[in-house]
Every structure is written in structure tokens, then in C-alpha cells.
Amino acid sequence: MRRIKDIEKSAIQTNLNKTFEFLRKYNRKRKGTIISQYPTINSIDIEFKRAYRKFLYETSEILLKGPPAKYQHLAYGMIKPFKIQSNDELYEARYGACQVTTKIGSGFNSVGELCELDLNFNGSSGYYRSLLPLSEYSDSPVNYILGEAFKVGKSTRFHGYIPIDLNDHKLAFYDYNYKKHKYLVVDSLTPVDHSQFEKAIEAVIYSFGLLSGSLSRDELIILHHSDPRFRKITGFQFRKVEDTIRSSLDTVNPREHKEYEKLDKTIHFSEQDFSKLVSTCFNELPFKRAVRIITQSRNLPQEIKAAAFFVGLETIKNLIITKNEEKIRSFKNPKDANKLVNDCKSLVYEIDDSKFNFKQRVINKLDQLDDIGNNESFLLSFELMGLKLNSEEKKCIKKRNRFLHGNIPFENEPENVKNKELNKISLRTHSLVTSLILKYARCSCYLKNNLRYFDLIGGEDKIKEPLFKKI
């Protein structure tokens, strides 16, 4: 009992009252007047109401100005930027309506959807909060990263608040339920401008998606606050974003790890390592590109998915090799390499051209004398990260060129055999690339072997490898 009291006392206080209050307000139907440069819709009435991933709207009749036919191809101005004056609030549809239906029999009024809507949102520096919907079929962050205790009002959650350190920016990541809806929340705990906060949201969501197997998106709400306690909302932005991607390809699974290994306690992905993962994603674009490729490719058809995973593997491999270029070159001193290359070129130049089919090709090859071969670089990248490969993993890596150049293995096999073999390659490549990503970010965890997992649940037990591997 005392321990519970101590946790409640030390729990981080998080203010969501104004957020929920604002959500209640902006979910109601609102009325306003359009402000537009197009005379056909300027000053007409509009009603708009929040729906999932959009605002639904309906306008009054268009105005017979212009003449109207001049703006017909623009839905009379509705697909161009306009503002809505609603009492003392000025909303802005920066890109106009994303879907418009014009009712010819009703005086050319229109109904449709707004996929982005702002209120007093100028992107200035401040304290931002973002909310993304978390599907009922997706697990909360606390299932992967334990986090710290936090308090919302009088309610205390013993785990789930994940601090993130991006050096110049401090963030918090957690989930919370409101009116039967679950949200992923990212807070900026230090002042940040909008563009940097958007970049931080992306780093957090893609990092969590890498671990959990599901990339939560669909819609994004961003609230701007003037104070670090999130008491006063000074700006609002809503927009529809890419579809959520759900998959069963999680990278870590602490609960399954505990059950399978019969452990006394659950070993979660640490908050410190998650912070490292997000920070690397935030600061290094090629790294974020590799993470994005993996998280966005998990639900693609088998042959495309395998090719995409190999592209992700190539991306992170190139990053590792580039970072370690000086110590893995054949020559310690680049000047020695250049001298030898030039000496060899001189010898080739002296040979009569008639001896060659393609003399320039030989000269060009000499420029690569100090470079690492592509096959060697893949194996070397794992070695540099302290990861040992078994024979099957090495065989899998050798298959990459067939996928990257559009040649799909097993094309002449029956469809069920082809899909099964392609699935094996995809699952193994997924484990290979995620292990490199996590090691590059200096993370330590028990990596889930999805190839072994599906082998077990399929009742085959043919993959003689650990289900969880410590990296």
C-alpha cells in the first residue's frame, strides 16, 4: 500500500483537461461564413462537423457572380484555399475541400469533405501537443516500453509515460483514452517551432511502429500552447494523413518473450533505448529512411515486400559502411591507395589499345581498388555492429540482387510454394534489417525472430533458431 502511495506521489502530472475540453468543442457542428477570393462562394454560409479523418461540410447556394461558369472547374472555388468565420473564430482550409459534390438541383450548393483545417495556427515556437488515433486492434506503447507513472487529474497510471531526449528538444510519449477513443500523444516539453515538432512526431511514430509492427496514422491533431503546462490552447491544426498500417511483424514482444522463456518478469524495451532510437531517427535522414521503408512495407504483396525489405537493408548497410569508411578501407593511408591506382593506370595506358575490347572499363575498375565490394560490405556491416550471421542468413543476403533487379525467385513453382518461400525470405530479411537498425541506434533488446514465430504457430517446427535473440 505504501509503495502505491509513493508511486502516486511521484507520478508525473500531465494536464489533459484543456485538450479534452477543446476536443468536445470542436467535435460539435459549427456554422460560419466562407471568406474566399472566388466571388461564387465568398460570403456564403457553411456548416461543418467533425467526422473520422475529415470534417463534413455543406454550403448554401453559390452566388451568381463571376460569371459562375468561369470557376466551374474549381468547384466554384471550393477546392481552393478559403477561410471560415465562425462567430469569433477564423478557421482556415489551406488546401480547400478534398472532396466536393455540387448539387445542381439545389441552387448549386455543395457538400463534401475538408481534410485539413486550422485555427489560429501560424507555426510559431511554443509547446505543442499532437494526438493520433490508436486502433483498438493495436497495442499501446506500454506493451513494449514500460515507461514511468503519470497522473491525469486524480487518475494515476503506474506506467506508460515515456520521456524522450532529443538534446535541444524534450518530449513525452504516451497513450490515453477519451470517450472510448484511444490516442497516441506526443508532447513537446520545451519550446519548439512547428516544423521541428512535426519532424519529432514522425521520428516517434516511426520508431514505435518499428517496434510494434503497426504504424498508427490516419489523422493528426496538433495543438499549440503558450505555456509548458498545456493550460491554454492558442492554435489548432487537423489534417488527414496516410492510412494506418497494421501488421503482425513486431520487432520486440516482451509479453511473448516472458511466456516463451518462462521468465519471472517481463523485460521491456527500455525508455533510454527508445529515446536513442527516436533521436537517431530525428537526426539522421538515411536512418529514418530505412525505418520508414520497413514500417511502410509490411503489408505489401510478398514479392514487393521482400524487395522493399532488401532496399531497407541496403539503406542501413550503406549508412554503417559510410560511418566506418576510414577504418575498413583496404589501405590505411588514402595517399598510398591513390599512388597505387595511378601507377596501375599508367601501366594500362602503356598497353596498346588493340589488346583491349574495353580499355576504359579496366581503367574505371582501378578507381575502385580501395573500395569495398558490395557482397563484402553487407557481411561487414553486421560484423561492425557486433552481429553474427548464421549460414541461412548469409544465403538470404545473397538473394537480394534478384529482388532488387526485378527477378523473383520461385517464379516457376506452384503459387502456394512460391508464396511460402517468398514469405520466408521476407521474414528473415525483416529480422536482419531491424537488427542492424537497432544496433546502429545503440539499442539493446530481445529481438523477435518472426520466421521462427510463424514456424511455431504453424505447427511445423522446422526453423531451428531461437525465437528471441539478444542484441
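- Distance CG/Asp243 to CG/Asn299: 11.0 Å, rounded to 0.5 Å.
- In this structure the side chain of Ile145 reaches within 4.5 angstrom of the side chain of Leu211, judged on heavy atoms.
- The aromatic ring centroids of Phe236 and Phe121 lie 6.0 Å or more from each other.
- Pro81 and Arg94 make their closest contact through CG-O, 3.1 Å (heavy atoms, listed as atom of the first residue, atom of the second, distance).
- Relative ring orientation between Phe173 and Phe208 is described as perpendicular, the plane-to-plane angle rising above 60° on a 0-90° scale split at 30° and 60°.
- Two rings, from Phe274 and Tyr144, have their centers 6.0 Å or more apart.
- Rounded to the nearest 0.5 Å, atoms NZ (Lys54) and CD (Glu113) are 4.0 Å apart.
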Going through the distances and angles, do Tyr440 and Glu284 end up as a side-chain hydrogen bond (donor to acceptor under 3.5 Å, both in side chains)?
-> CA-CA 11 Å; Tyr440 182 85; Glu284 300 190 40; 2.6 Å; yes
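- Side chain to side chain, Asp218 and Thr244 meet the donor-acceptor criterion of an N or O pair below 3.5 Å.
- More than 12 heavy-atom neighbours from other residues, nucleotides or ligands sit within 6.0 angstrom of NZ on Lys49.
- Results of the side-chain hydrogen bond (donor to acceptor under 3.5 Å, both in side chains) test with Asp227 over Arg231, Arg229, His225 single out Arg231 as the only residue that passes.
- Using a 3.5 Å distance cut-off with no hydrogens or angles, the side chains of Ser135 and Arg246 do pair a donor with an acceptor.
- With a 4.5 Å cut-off on side-chain heavy atoms, Leu249 and Leu427 count as touching.
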Just do the salt bridge (Lys or Arg N to Asp or Glu O under 4.0 Å) check on Glu259 and Arg255 with the steps written out, would you?
-> CA-CA 6 Å; Glu259 291 176 359; Arg255 179 184 56 79; 3.5 Å; yes
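- More than 12 heavy atoms of other residues, nucleotides or ligands lie within 6.0 Å of CG in Leu285, so this atom counts as buried by the packing criterion.
- Between Cys115 and Phe238 the shortest side-chain heavy-atom distance does not fall below 4.5 Å.
- Between Tyr26 and Phe22, the two ring planes are parallel [angle under 30°; tilted spans 30° to 60°].
- By the 6.0 Å and 45° rule, Lys199 stacks over the aromatic ring of Phe282.
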Please assess Glu89 against Arg30 for the test salt bridge (Lys or Arg N to Asp or Glu O under 4.0 Å), listing each intermediate value before the final yes or no.
-> CA-CA 11 Å; Glu89 296 177 335; Arg30 309 186 72 74; 2.9 Å; yes
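- Thr14 and Lys151 are not linked by any side-chain donor-acceptor pair at a separation below 3.5 angstrom, with hydrogens and angles left out of the test.
- With hydrogens and angles left out, the side-chain atoms of His224 and Thr234 include a donor and acceptor closer than 3.5 Å.
- With respect to the salt-bridge test (charged N to carboxylate O, under 4.0 angstrom), the residues Lys182 and Asp139 do not qualify.
- Here the straight-line distance linking atom CZ of Arg129 with atom OG of Ser188 works out to 9.5 Å at 0.5 Å rounding.
- Tyr128 and Glu198 share no side-chain donor-acceptor pair at under 3.5 Å.
- Lys31 and Glu47 are joined by a salt bridge, as a carboxylate oxygen and a charged side-chain nitrogen come within less than 4.0 angstrom of each other.
- Between Tyr183 and Tyr176, the distance separating the two ring centers is not shorter than 6.0 angstrom.
- With values rounded to the nearest 0.5 angstrom, Ser377 atom OG is found 11.5 Å from Glu325 atom CD.
- The shortest side-chain heavy-atom distance between Tyr38 and Lys80 falls under the 4.5 Å cut-off.
- Counting heavy atoms from C-beta outward, Arg217 and Gln296 have side chains that approach closer than 4.5 Å.
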Go through Thr33 and Asp45 one step at a time and tell me if the side-chain contact (heavy atoms from CB on, under 4.5 Å) criterion holds.
-> CA-CA 5 Å; Thr33 304; Asp45 295 332; 4.0 Å; yes
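- In this model, a donor atom of one side chain and an acceptor atom of the other lie less than 3.5 Å apart for Ser279 and Asn283.
- A salt bridge does not link Lys418 with Glu303: every distance from a Lys NZ or Arg NE/NH1/NH2 to an Asp or Glu carboxylate oxygen is 4.0 Å or more.
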Step by step, work out the side-chain hydrogen bond (donor to acceptor under 3.5 Å, both in side chains) result for Asn419 and Gln302.
-> CA-CA 7 Å; Asn419 286 335; Gln302 287 293 356; over 6 Å; no
Begin with the C-alpha distance, continue with both residues' side-chain angles, and end with the deciding distance and a verdict on side-chain contact (heavy atoms from CB on, under 4.5 Å) for Arg400 and Leu313.
-> CA-CA 9 Å; Arg400 71 191 183 281; Leu313 183 61; 5.6 Å; no
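- Taking OG of Ser431 as the start and CG of Asn449 as the end, the distance is 4.5 Å to the nearest 0.5 Å.
- Taking 4.5 Å as the limit, some side-chain heavy atom of Pro133 sits within range of a side-chain heavy atom of Tyr52.
- Note: Tyr174 and Tyr161 meet the aromatic proximity criterion, with ring centroids under 6.0 Å apart.
- In summary, Glu256 and Lys448 engage in a salt bridge, as defined by a charged side-chain N under 4.0 Å from a carboxylate O.
- The aromatic rings of Tyr260 and Phe468 lie tilted to each other, with the angle between the two planes from 30° to 60°.
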Where do Glu21 and Asn17 land on the side-chain contact (heavy atoms from CB on, under 4.5 Å) test, with the steps shown first?
-> CA-CA 6 Å; Glu21 183 181 308; Asn17 293 335; 6.0 Å; no
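- Across every non-hydrogen atom of Phe82 and Gly77, the tightest pair is CD2-O, 4.5 Å.
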Between Ile46 and Glu58, does a side-chain contact (heavy atoms from CB on, under 4.5 Å) hold up when you go through it step by step?
-> CA-CA 6 Å; Ile46 184 171; Glu58 183 170 3; over 6 Å; no
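- Side-chain contact, Lys83 with Ser36: no donor N or O sits under 3.5 Å from an acceptor N or O.
- Expressed to the nearest 0.5 Å, how far NZ of Lys439 lies from CE of Met385 amounts to 8.0 Å.
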I would like to know whether Tyr71 and Tyr76 meet ring pair (Phe, Tyr, Trp, His ring centres under 6.0 Å); could you show each step before the answer?
-> CA-CA 5 Å; Tyr71 308 110; Tyr76 304 101; 8.3 Å; no
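- Using a 4.5 Å cut-off on side-chain heavy atoms (C-beta onward), Leu63 and Ile44 make contact.
- Side-chain atoms of Ile457 and Tyr453, non-hydrogen and from C-beta on, do get closer than 4.5 Å to each other.
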